[in-house]
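The next block holds one structure in the form of structure tokens; read it before the comments.
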Amino acid sequence: MMATISPIERAVSEPPRIRRLLIGLALVFLTLFLFLPLAAVFYEALRKGLGVYFAAIVDPDALAAIRLTLLCAVIAVPLNLVFGIAAAWAVAKFEFHGKSVLITLIDLPFAVSPVIAGLIYVLLFGAQGWLGPWLAAHDIKILFAVPGIVLATVFVTFPFIARELIPLMQEQGIQEEEAALVLGASGWQTFWRITLPNIKWGLLYGVVLCTARAMGEFGAVSVVSGHIRGATNTLPLQVEILYNEYQFAAAFAVASLLTVLALVMLAVKSLIEWQARQTRRAALAMKGEF
Amino acid sequence: MQFRLKQRSVLPGFNLALGYTLLYMGLIVLIPLSAAFIKTTDLSWTEFWAIVTTPRVLASYQLTFGASFIAAMINTSAGLIIAWVLVRYSFPGKRLVDAMVDLPFALPTAVAGIALTALYAGNGWIGGVLALIGIKIAFTPLGVIVALVFISMPFVIRTVQPVLEDLEAEVEEAAACLGATRWQTFRWIIFPALRPALLTGFTLAFARCIGEYGSVIFIAGNLPMVSEITPLLIVTKLEQYDYRGATAIAVVMLVISFMLLLLINLLQWWSRRRHAA
Amino acid sequence: MSIAIRALSKRFGPFTALDNIDLDIQAGELVALLGPSGCGKTTLLRIIAGLENADAGQIQFNGEETAHRPVRERKVGFVFQHYALFQHMTVFENVAFGLRVRPRARRPGEAQIRAKVEELLGLIQLDWLADRYPSQLSGGQRQRIALARALAVEPQVLLLDEPFGALDTKVRKELRRWLRRLHDELHMTSVFVTHDQEEALEVADRIVVMNCGQIEQIGSPQEVYDAPATPFVYQFLGHINLFHGRAHSGWVRLGELRVQTPEYQNAESASATAYVRPHDIDLLREPEDGDTTIAAIVSRVHILGSLVRLELRQQADDELAEVEMTRDRYAADPLQVGDVVFAKPRQLRVFLNDGHSPELPVWLGDGDGI
């Protein structure tokens with residue numbers, strides 16, 4: 001396909017041989033480490049037939065895990081969404097002392113191992129933890145119960161939306177908001193009618209990333225859950241339990257649900273990026289005309 | 001630390017937004033994290049040192065950091081090639097490949113763990129082939145590297161890609177006009193421009209690998225002294241209700257992670273400054 | 001080194017960038033490729049450099065075909081519009097780059113490289129910037145460094161793509177005089193692309209005016225300005241007044257004006273346009289006999305330093321026309337807005353609107369204007 005290449009094209013590109021070699025290397029690497037593992041999930045899930053597959057999914061424990069996973073996401077994502085918007089508003093629209101420290105602190109949960117994220121909640125709420133005795137006295141269960149799982153999920157997904165919004169809002173500056181205020185809009189009106197429409201794609205992207213992580217988190221949730229079947233098992237934990245019990249087909253069946261979810265997230269992400277590119281291209285085209 | 005406005009702004013909501021940000025961050029992140037550090041003060045310095053330097057713990061550091069370093073190196077080289085191919089060449093299915101590169105970010109680590117194990121175990125598609133020539137991957141330290149390569153794959157690709165896209169074609173043309181071969185242009189012009197991005201991507205991947213737990217525990221075999229990673233050791237100690245031991249090791253990991261985070265910030269600040277002109 | 005371009009064509013998809021170009025550039029000449037954006041001038045320059053392929057045609061350096069010589073073996077110096085300096089290298093390293101990447105056998109020693117770079121930095125009078133990075137330099141300094149870098153490999157041809165396009169007016173004027181002086185010192189065959197007619201007129205030995213992928217005219221700055229070969233060249237170089245009319249058996253009638261055009265002897269009521277430069281019009285207080293003037297009213301007077309520009313409204317059709325004269329000439333009879341005048345073109349050029357054009361402009365004698 002690249003047979004007739006002249007010496008001139010070679011000046012700023014590579015000979016076809018090298019191109020094919022590099023494309024080949026990249027595809028082999030991605031096949032070994034990305035595409036084959038993906039295929040393996042579905043292969044293993046369906047290996048014992050559709051009957052086993054569906055039985056694993058409609059198992060009461062699996063259904064309970066699905067419910068808990070969704071519940072975690074439904075609580076964690078909105079919490080981090082409000083935080084992300086507040087943090088991005090403060091960081092991107094104002095100049096203040098200590099801003100770079102704040103940005104670094106927001107990134108902190110990315111740097112913390114999920115296991116440690118679980119551990120710190122055990123230290124806080126566990127029987128020997130700071131709040132453990134008080135919680136026990138008042139009969140409030142956080143650790144090895146749903147609240148602990150939600151908290152751990154909130155922690156590990158904490159930076160996602162803020163990280164997405166901060167650079168975007170910094171790039172957009174404050175001119176449009178200032179214009180709206182000069183025209184007599186109130187602060188809330190400015191936010192709802194000017195800022196929010198400008199950041200909607202970035203916001204959606206952040207929500208997608210946050211949701212994916214919230215539903216898939218394993219390490220942190222594993223530490224705080226106590227692995228109580230039908231009560232404190234999320235989908236990833238259900239996968240682990242089935243796998244450790246050598247119910248491979250069932251484990252992969254539940255895993256395939258999470259994989260489909262991941263693929264849907266990727267599709268939504270591609271769609272958002274495509275949409276954002278279209279908007280930008282349209283904006284550039286407009287500029288070109290004047 | 002005092003968060004004070006440098007100049008008055010006409011935009012409203014600074015106090016509300018910053019106040020909420022600090023409150024929420026304090027409750028969710030800072031107070032729980034400080035719990036880990038305060039918990040270690042239960043221990044004397046000698047006790048702490050004894051816990052974090054037992055042979056089993058040292059072996060786990062060696063595996064965690066060694067495997068993370070190798071995985072990040074593999075991903076740096078492969079990531080450069082993949083980013084290059086995605087930006088510079090066209091081939092069938094390129095857009096699909098580009099979208100799929102983010103899969104390790106979207107796929108739960110437990111799923112990655114069992115899928116890689118199925119694939120690289122002795123009876124798996126790849127493990128079976130390698131077994132014929134006597135290479136074992138699953139349930140050995142090599143398995144740890146494979147899992148880490150998977151979960152940290154997108155970092156280098158996604159940091160290098162935008163830089164490569166923004167490189168001016170004119171600069172490469174200038175080098176060609178001055179008589180440089182294609183390799184010389186890459187070595188002396190393109191590569192130096194990509195270096196900050198490669199370094200940032202490497203550090204991000206490395207930091208992610210160190211803390212990884214979910215994908216590794218399935219494929220590693222988890223033999224103490226051989227294929228046991230540090231996060232697993234923390235979990236093991238927790239399960240034995242050895243909170244002090246778990247916390248001591250966690251604090252070591254945290255300090256290292258914070259230093260890496262600082263390094264990443266410095267790297268990004270440095271490359272921004274160089275590109276500012 | 002001389003460059004011969006023969007029947008060169010280049011298309012980008014449906015767009016024809018270059019259409020059958022023939023051009024000879026003599027050794028040691030400084031040639032400007034002048035035209036509006038999209039006329040193909042940059043494409044032509046890039047094909048000469050070997051950065052782009054032609055679809056058809058040939059380019060010969062000293063009579064030698066170049067199609068199979070890759071860019072790095074062509075020994076061309078190319079200066080890019082946006083400088084394309086290597087950001088991570090100092091000024092010194094930038095200039096030395098071309099010498100350092102030579103094959104080991106032809107690579108000069110470190111001392112020689114240092115001497116050569118210092119000599120070049122001296123030539124562009126920026127030797128004191130050797131250790132700076134490009135981001136620390138002004139636009140004009142960057143452009144001179146880019147030029148020094150191109151010269152370091154001792155090219156046989158120097159190609160410059162809109163070399164001053166990204167600079168502000170004052171720096172641009174300084175740099176183009178400097179480029180002219182540099183060329184007079186080095187006598188290197190040089191081709192530069194510009195869309196700025198003033199730049200081309202001031203700097204070049206010869207100007208190649210291009211439009212829509214074709215060459216409209218090749219000539220010295222004076223030739224292309226005084227005797228444009230086509231309506232396009234007329235309009236692109238300098239200001240122009242247009243008068244529309246009809247040509248019939250050797251005469252053209254343009255409103256009240258009647259002009260003899262022997263070259264259109266056979267024209268029968270053909271649509272024609274006359275081109276007159278603003279400074280080629282005399283203004284009379286009284287009409288002349290023989291349909292040689294156009295009645296108009298002065299509608300505006302602009303005093304622009306040493307020049308005075310008057311805007312006229314033609315009485316017959318309300319069309320506007322522009323006249324320029326020196327301040328002294330204006331002082332002799334200072335016309336005011338509302339004055340009735342009779343405009344007499346001293347020199348005009350008639351083109352039939354079917355594209356056919358005569359060889360020479362029509363001279364209308366030395367009318368004694370105001």
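Residue numbers start from 1 in every chain, and the chains themselves are labelled A, B, ... in the order their sequence lines are given, proteins ahead of strands. Both backbone and side-chain heavy atoms feed into the values below; hydrogens, waters and symmetry mates do not.
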Test item: side-chain donor near acceptor, B:Asp98 and B:Gln161, under 3.5 Å
yes
Using heavy-atom distances under 4.5 Å, tell me whether B:Ala169 contacts chain C through its side chain, its backbone, both, or neither.
neither
Under a 3.5 Å cutoff, is there a donor and acceptor pairing between the side chains of C:Thr194 and C:Glu199?
yes
Tabulate, in ascending numerical order, the residues of residues 89-122 of chain C having at least one heavy atom closer than 4.5 Å to a heavy atom of chain B, or enter 'none'.
C:Met89, C:Phe97, C:Gly98, C:Val101
Residue pairs passing the side-chain hydrogen bond (donor to acceptor under 3.5 Å, both in side chains) test with at least one member in residues 68-81 of chain B, sequence neighbours excluded, are B:Asn75-B:Ser152
Under the side-chain contact (heavy atoms from CB on, under 4.5 Å) rule, collect the residues that match up with C:Trp178, sequence neighbours excluded.
C:Ile124, C:Gln125, C:Arg144, C:Leu147, C:Leu175, C:Arg181, C:Leu182
Heavy atoms of other groups near B:Tyr89 OH, more than 12 under 6.0 Å:
yes
Bottom line for C:Leu85: the part with an atom under 4.5 Å from chain B's heavy atoms is backbone
Identify which part of C:Ala152 has an atom lying under 4.5 Å from any heavy atom of chain B, answering side chain, backbone, both or neither.
neither
Contacts of C:Asp168 meeting side-chain contact (heavy atoms from CB on, under 4.5 Å) (sequence neighbours excluded), chain-then-number -> C:Lys170, C:Val171
Is C:Arg149 close to chain B through its backbone or its side chain, or both, or neither, when contacts mean heavy atoms under 4.5 Å?
both
Would you say the side chains of B:Ser215 and B:Thr109 form a donor-acceptor pair under 3.5 Å?
no
Under 4.5 Å between any side-chain heavy atoms of C:Ile25 and C:Leu23, yes or no?
yes
Partner chain B: residue of C:His82, C:Gln81, C:Lys75 with the largest heavy-atom pair count (under 4.5 Å)
C:His82
